[in-house]
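Written out below as structure tokens is the structure these notes cover.
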Amino acid sequence: MYGQMSTVAFVGVEARPVEVQVRITPGNPSFQIVGLPDKAVAESKERVRNAMHAVGLGMPYKHLTVNLAPADLPKEGSHFDLAIILGLMVAMGAVAPDAVAGYAAFGELALDGSIRAVPGALPAAIGANAIGKGLICPAESGPEAAWAGDAVEVLAPPHLLSLVNHFKGFQTLSRPTPRLDRDPKPLLDLADVKGQESAKRALEVAAAGGHNLLMVGPPGSGKSMLAARLPSILPPLTPEEMLEVSMVHSLAGELLGGRIAIDRPFRAPHHSASMASLVGGGSRPRPGEVSLAHLGVLFLDELPEFQPNVLDALRQPLEPGETVIARANHRIAYPSRIQLIAAMNPCKCGGAGPGMSCKRGPRCAEDYQARISGPLLDRIDLQIEVPAVSAADLALPAPTEGSIEVRARVAAARERQRTRLAEKGIKGSRTNSDLAGATLDAIATPDAAGVLLLKQACDRLGLTARGYHRTLKVARTLADLDGADVVGRIHIAEALSYRGETLRQARSAA
Ligand SMILES: Nc1ncnc2c1ncn2[C@@H]1O[C@H](COP(=O)(O)OP(=O)(O)OP(=O)(O)O)[C@@H](O)[C@H]1O
Ligand SMILES: [Mg+2]
């Protein structure tokens, strides 16, 4: 007796098709699962056995073999239960093969036969659709799976019995409706920040071009305050981006009640974060903070307090926009196209910098800043100093310009980038910050005066090749904010002012 059922296995956010083949042969009663199952899959046997009893079916008193094909793809997680039990029911003749042929099954079984929610219903539904099938998933995950599109048939039974009744025609399971996340989160307004005009300008530039930003300044100067206000000037997610973000959040089990994400991610992990929680991985593959911030902001407050090896692990996801995690016998890639915003004090005691006095002298700042590696700093396009706010600034009335005005300028600059990329047929880049070498040359080459200034700066500041390209990208964003087609000397000059002098100045002033 033979039965089969489709399901999926995750490789990063991609759901690959897996076929569950079940054969019942005469012989000593046994139950074997083969095809690289992990511990959660191997334990499936007990859940399947009990769920089977719960719906009034006895396990066949025979030799059962379950093969998860392709056999060389590792199978991780507890979501294979549903496909295994359905394959077994087909092999036993309890469910007609035709009834399940059009579906992939995805869900964990409880001992009483109810179907429990598991992370990843949205990518699973998209994966099932890619092989021309619908998805059977837990009731709780139904609204999430329904986001895969109207063309995808979704069955979301709460219990195995309701699924069997649906197949037998005793009960009809209706298609779940896609649910949106609650109303967008209220955003903090930039108008709360008094003074700090140049820091606000840098924040606007970072938002307009998707650039990474490092803010260095004494305690209480408003760095965390500024970073928390970045989401209020970023454009909202497009519907495609919402789906892309939700795929990662779905895998991490962070879509509450099956609602997809509508806010641009803003993740602010604590500096005690481990490598696994920041970059992903661990005993069970799970996207880390850097992937949960995909298409949004990763805010690392008190940057040097993070463990240096954890910070260095960020270098790889920052450049190509994805995180690759090596597992025992395969590699997983999670998308992580992020904007990194970091804040730090110039020294451990916070007293270094112009107008401040650090009692431990330059050593304090040097030791503290040495915790951040050069290559990581090199990936941060905008590095600015945020000086202490003066009492005079604090006593001023609230600034008239708030997030709404800045957001409009950012949106206009982003629109210019989008149109330009579409006109030139450049794929794979969304903002100036992720332009690659040759395309960057094609659209950001400055005028003659700009080229001259850039050459001089290269000689004097000793810019690396990456530093040179990053200056060009920032200059392109500045020109976009200005509404200028050609990058000029003034844009290059401002872009250079955001490069790395901050830390050196703070150190020499200490
Ligand atoms: N520019 C400002 N305008 C208004 N209030 C400010 C400003 N800067 C700081 N504050 C006040 O100071 C508090 C501390 O600011 P914030 O936490 O942003 O400082 P920080 O630079 O992150 O300091 P630390 O280095 O200690 O983390 C804010 O909650 C706010 O009340
Ligand atoms: Mg702070």
Side-chain angles (χ1 to χ4, degrees), residues 185-207 212-234 266-273 278 289 293 297-307 310-311 314 339-360 364-372 376-377 380 382-407 498 502-507 509-510:
K185 257 190 229 142
L187 298 171
L188 299 166
D189 202 289
L190 215 49
D192 303 337
V193 183
K194 295 185 178 165
Q196 302 297 21
E197 292 310 326
S198 51
K200 283 193 203 166
R201 164 77 175 167
L203 200 66
E204 179 175 337
V205 177
N212 299 330
L213 167 72
L214 169 66
M215 293 180 280
V216 187
S221 56
K223 303 180 294 296
S224 305
M225 216 180 158
L226 281 160
R229 280 153 184 81
L230 178 61
S232 71
I233 59 171
L234 285 170
F266 181 86
R267 309 286 303 193
H270 187 253
H271 54 70
S272 61
L278 202 66
E289 289 291 335
V297 178
L298 179 70
F299 176 41
L300 301 184
D301 207 355
E302 318 297 353
L303 189 68
E305 300 287 347
F306 282 80
Q307 292 161 33
V310 173
L311 284 185
L314 277 182
Q339 186 174 0
L340 174 70
I341 306 294
M344 63 180 280
N345 298 132
C347 72
K348 179 93 180 159
C349 56
M356 315 278 289
S357 62
C358 170
K359 291 198 183 65
R360 290 181 51 225
C364 187
E366 272 167 21
D367 290 352
Y368 199 52
Q369 290 163 19
R371 291 176 62 90
I372 308 166
L376 178 66
L377 274 183
I380 303 183
L382 304 168
Q383 299 177 13
I384 59 156
E385 194 185 329
V386 184
V389 241
S390 65
D393 274 343
L394 284 176
L396 288 175
T400 46
E401 189 181 78
S403 293
I404 295 180
E405 292 82 4
V406 183
R407 184 166 54 220
Y498 293 128
T502 315
L503 286 176
R504 254 165 279 163
Q505 275 169 15
R507 207 175 294 171

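Note that the coordinates shown come from a computational prediction; the quantities given were computed from them, not determined experimentally. Residue indices begin at 1 and follow the sequence shown. Read the numbers this way: they start at 1 and go in the same order the structure lists the ligands and their atoms.
Using a non-hydrogen distance threshold of 4.0 Å, D192 registers as a contact of ligand 1. Ligand 1 has S221 within reach: a non-hydrogen atom of the residue lies less than 4.0 Å from it. By the 4.0 Å heavy-atom criterion, L394 is counted among the residues contacting ligand 1. Under a 4.0 angstrom heavy-atom cut-off, G220 registers as being in contact with ligand 1.
Between D367 and K348, the closest side-chain pair of non-hydrogen atoms is not below 4.5 Å. Between I341 and M215, some side-chain heavy-atom pair lies under the 4.5 Å cut-off.
When each atom of ligand 1 is checked for a heavy atom of N345 under 4.0 Å away, the hits are 25 (O). Counting the atoms of ligand 1 from 1 in the order shown, those under 4.0 Å from a heavy atom of K194 are 1 (N), 2 (C), 3 (N), 4 (C). Listed by number with element, the atoms of ligand 1 under 4.0 angstrom from any heavy atom of P219 are 23 (O), 24 (P), 25 (O), 26 (O). Under a 4.0 Å criterion applied to the non-hydrogen atoms of Q196, ligand 1 contributes the atoms 1 (N). Below 4.0 Å from some heavy atom of V193 lie the following atoms of ligand 1, by number and element: 1 (N), 3 (N).
The shortest non-hydrogen separation linking D192 to M225 is O-CE, 3.5 Å. Residues Q196 and V386 share a closest heavy-atom pair of NE2-CG1, 3.4 Å. Smallest separation of non-hydrogen atoms from V310 and A273: CG2-O, 4.0 Å. The minimum heavy-atom distance linking K223 with V216 is given by the pair CD-C, 4.1 Å.
Not a single N/O/S atom of M225, whether from backbone or side chain, sits less than 2.8 Å from the Mg ion (ligand 2).
Residue K223 has at least one nitrogen or oxygen atom sitting less than 3.5 Å from a nitrogen or oxygen atom of ligand 1, judged on distance alone.
Per-atom contact check: atom 29 (O) of ligand 1 does not touch the protein, criterion being a heavy-atom distance below 4.0 Å.
Atom 27 (O) of ligand 1 has its closest protein heavy atom at E302 OE2, 3.0 Å. The protein non-hydrogen atom at the shortest distance from atom 17 (O) of ligand 1 is S224 CB, 3.9 Å. For atom 6 (C) of ligand 1, the nearest protein heavy atom (residue, atom name, distance) is M225 SD, 3.5 Å.
Put simply, the side chain of R267 never gets that close to the backbone of E289: no donor and acceptor are under 3.5 Å apart. Distance alone, capped at 3.5 Å, is enough to place a donor-acceptor pair between the N212 side chain and the L340 backbone. Formation of a donor-acceptor pair under 3.5 Å by the E302 side chain with backbone atoms of H271 is not found in this model. Using modelled atom types, one side-chain atom of N345 and one backbone atom of G217 make a donor-acceptor pair closer than 3.5 Å.
Nearest to atom 15 (O) of ligand 1 by heavy atom, out of A228, G222, A388, A191, is G222.
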